[in-house]
Amino acid sequence: MSLQIKSFEEYREQYKKSVENPSEFWGKVAENFVWKKKWNTVLEWDFDKPEIKWFDGAKLNITENCLDRHLETRGDQTAIIWEANDPSEASVKLTYKELHTKVCQFANALKKQGAKKGDRICIYMPMVPELAIALLACARIGAIHSVVFAGFSASALVNRINDAQCNIVLTSDGGYRGVKKFEVKSIVDEALAETPSVEKSIILKRTGCVVTMQEGRDIWWHDAIADMDTHCEAEEMDAEDMLFILYTSGSTGKPKGMVHTCGGYMVYTAYSFQNVFQYEPNDIYWCTADIGWITGHSYIVYGPLASGATTVMFEGVPSYPDGGRFWEVVAKHKVNQFYTAPTAIRALQKNPIELVTKHDLSSLKTLGSVGEPINEEAWNWYNENIGKGNCPIVDTWWQTETGGIMISSLSGVTPQKATFASLPLPGIQPILITEKGEILEGETKGRLAINHPWPSIARTIYGDHKRYKETYFSAFKGMYFTGDGALRDADGNYRITGRVDDVIIVSGHNLGTAPIENHINEHEAVVESAIVGFPHDIKGNALYGYVILHDGVAHSDTLRKEINNQIAHSIGPIAKLDKIQFVSGLPKTRSGKIMRRILRKIASNDIDQLGDISTLLNPEVVAEIIEGRIG
Ligand code: WT7
C-alpha cells in the first residue's frame, strides 16, 4: 500500500518530516485520495479559539474514496464479510461493487424520505451489514450521521436525538447478541415520544419480532429501497463539512457530541489503518468493536474501506455459543489482522485453553488492542496463545475525540514493548506535563497532552463550542489535553496509565461518574451518591457506589437493584454498579468537595495509606465507610 512505512528508519524519517513541516507532510499523504477539488491550505489552526481546519477549500465525498474508486481495481474483491451471531446462519460477503450498489440504493431511499445534505440522521441498529450501509449512505448524500450504540436505553437515545435535532432515525425491529434476542424498535418508539424533531424512521427487519409501525412516520427498510435506483451521485462536500457526530461521556454533564469532518478524518483513518496494521492487499482484517463506538467508525468502516481492505463485521459476542467463538471466526475467515479490547482478552483467558487450541489461528499476522491499558498478564496470554509468539501486538491508544490511533507501534515495523502503546504515529506530538502545566522532558510521568493538531481531531462539540474549548484546550494553554496520565521511558515509548479525571473506563467503555450519580440521586430514597472505579480482573475497572439514603429508609438489596435498574434505564446496562454501599455520609473537604481519592482507596481495599484525613469536614465518616466496605 502506498502510504505504508516499511522500516524503523523510515518511521523516524517520516516522523521528523511530519513535525518539521506538518503541512507538507499531510499534503503529500492526501495526494493518495480522490478529491473533487484540491485544498487551498493544508492546515490552519489556533488552539486558543480553538479553530482547526485541514485541507480547507478542498471538495470530496468520502464514499467515493471508500467505494467508487475501488470499482475498477477491486470491484469484485470482498469489502465486508459479515459474521452472524448464530454460527449456523450463513455469513454475508459484499464485494465493493455490491456494497457500492447497496449504499447508492439506500442513499436514494433516504432522499426519498426527505433527507438532505446537512440533516442529522440518528442510527440505532445492531451489528448487521445494513448498519455500515447506513453510515455510508448518509455520507453519500452529505447527511451527518449520529450512531447510538444499540445497547443504550431509550432515555439515552432521546438525549442524543434531541441534542442533534435529528429528523430521521434508522433502526431495526430487533437484534441478536449471544443468547439474547433483544428489542430495538420498541425502544425507539419509547424514545420518539419525546423527540419532536424526528419525522421519519426506517426499520430493518432482522429478528421478525412483533413491532408497531406508526403510519406516516415508520417505513420498512425493504419497502424504502424497493424500486430505488442504484445510481446516486455523491454529494460534493467541503473538507471541513461535518461527516458525523458521535457521543462520548464527559466527567460532568450530558454526553458530548464530538464532531468529525470529512477530509482530515478520511486521510488520517486510512493512513493510520494502513500503517498500524500493515494491511496487505487480500488480507482479511477483523476489528471486533461495535460500530456504535469510534473504533467501529474508524477501523471497521472508514479506514479499512478507504484503503480498499476486506473488513469483517461480527454481530455476536465472544462467549456465544462458547468462549472459542472469536477463534472459530478467525479460523473460518482466515483473519490476518485481529483487533480487540483488553476486557475481551481477560474474559477469554479464563476459558479452558482447548477453546483456543482447537482452532487454526495460523492466518494471524497482527494482533491489536484498544480501549484501556492492557495489563501484562493479558498481553502475555494474547501474545503466546493467540499470536503463538509470532504476531506483533499493536497496543493502540486513542480516543473518540482523536478520531484515529495516536500512539501505537506499527506492526512489525517499529519496536513493541509489552504494556506500552509505544511511539506516536507520524504527525502526532505528545507531550507530558505536570498538573501545573510545566513541560516534562525525558523519562518521566505526567499528564498527556498533544501540542499540535492532526487531521482527525474532533473540531467541536455539537452545539457547544464553549464546552469543547473548556474541556480540551483550557487545562493547558495551546495544547489539546487528553484527560489521561502516562509515563515515558528513555526511548520515548509511552505507557498510558489511565484517566486523571472523573471518567472511568469499564470494559473499554468510557463512563463519566457525574451523570451516573445524577441518575442515582433522582431515586426518591437517595440523598447523595459518589461513584468511583476499582480494579476488576475482567472489566479492567468496575463501579463502586457510595449512597446516602434518606433517614429511616432501610438498606436492602431490593434498593440496590432499583438503583441499578434506574441506571440501566437512563444510561444503559454498561453503567450498572458492581457494588453499592449505603453510608451515612461522604468524606468532604471543608469547601464541600467529595474526597474521591479516599473513596477510591477504600473501594480498592487499599486502606493502609489513606493520607491525612484530619482536614476533612467529617473525618469520622471514614472509619464507618471502611467498616462497611463491600469486599
Ligand atoms: C479513553 C478513550 C479509542 C477507542 C476506544 C475508546 C482509554 C483507549 C487505550 C490504550 C490505554 C486506552 C484512554 C482514553 N484508552 N485506548 N491502548 N491504552 N488506554 O475510546 O471511549 O473515547 O475512550 O480510553 O483512557 O482516554 P473512548
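We count ligands from 1, going down the list as the structure has it; atoms in each ligand are counted the same way. As the structure is a computational prediction, the values presented were derived from the model and not from experiment.
Classification of the Y285-F273 ring pair by plane angle, with boundaries at 30° and 60°, yields perpendicular. Using a 30° and 60° split on the angle between ring planes, H260 and F244 fall in the tilted class, from 30° to 60°. Relative ring orientation between W293 and F152 is described as perpendicular, the plane-to-plane angle rising above 60° on a 0-90° scale split at 30° and 60°.
Interface of I496 with ligand 1, defined as ligand atoms under 4.0 Å from a residue heavy atom, comprises 11 (C), 19 (N). Within the listing of ligand 1, atoms 20 (O), 21 (O), 22 (O), 27 (P) sit less than 4.0 angstrom from a heavy atom of T400. Below 4.0 Å from some heavy atom of T295 lie the following atoms of ligand 1, by number and element: 4 (C), 5 (C). The contact set between ligand 1 and T396, taken as ligand atoms under 4.0 Å from a residue heavy atom, comprises 9 (C), 10 (C), 16 (N), 17 (N). Close approach of ligand 1 to D395 is summarised as follows: ligand atoms under 4.0 Å from at least one heavy atom of the residue are 10 (C), 17 (N), 18 (N).
The shell of residues lying under 4.0 angstrom from ligand 1, judged by heavy atoms, includes G371.
Partners of T340 according to the side chain to side chain contact (heavy atoms under 4.5 Å, CB included) rule, which considers only residues two or more places apart in sequence or in another chain, are T288, F326, F338, A344, I345, Y382.
Judged by a 6.0 Å distance limit and a 45° cone about the ring axis, K256 is not positioned over the six-membered ring of Y468. Geometric assessment of K417 against the ring of F420 yields a positive cation-pi assignment under the 6.0 Å and 45° thresholds.
Between T261 and E240 the shortest side-chain heavy-atom distance falls below 4.5 Å.
The closest protein non-hydrogen atom to atom 2 (C) of ligand 1 is W398 O, 3.7 Å. Protein heavy atom at the shortest distance from atom 11 (C) of ligand 1 is P373 N, 3.0 Å. In terms of protein heavy atoms, atom 9 (C) of ligand 1 is closest to E372 N, 3.5 Å. In this structure, atom 13 (C) of ligand 1 lies nearest to the protein heavy atom D484 OD2, 3.1 Å. Protein heavy atom in closest approach to atom 23 (O) of ligand 1: N510 ND2, 3.1 Å.
At a heavy-atom cutoff of 4.0 Å, ligand 1 is contacted by the side chain of R499 but not by its backbone. Contacts with ligand 1 closer than 4.0 Å are made by side-chain heavy atoms of I505 only, the backbone lying farther away. Contact annotation: for Q399 versus ligand 1, heavy atoms closer than 4.0 Å belong to both the backbone and the side chain.
Of the options T366, T311, D283, a side chain to side chain donor-acceptor pair (under 3.5 Å) to Q337 is made by D283 and by none of the others.
Separation of the F481 and Y472 ring centroids does not fall under the 6.0 Å cut-off.
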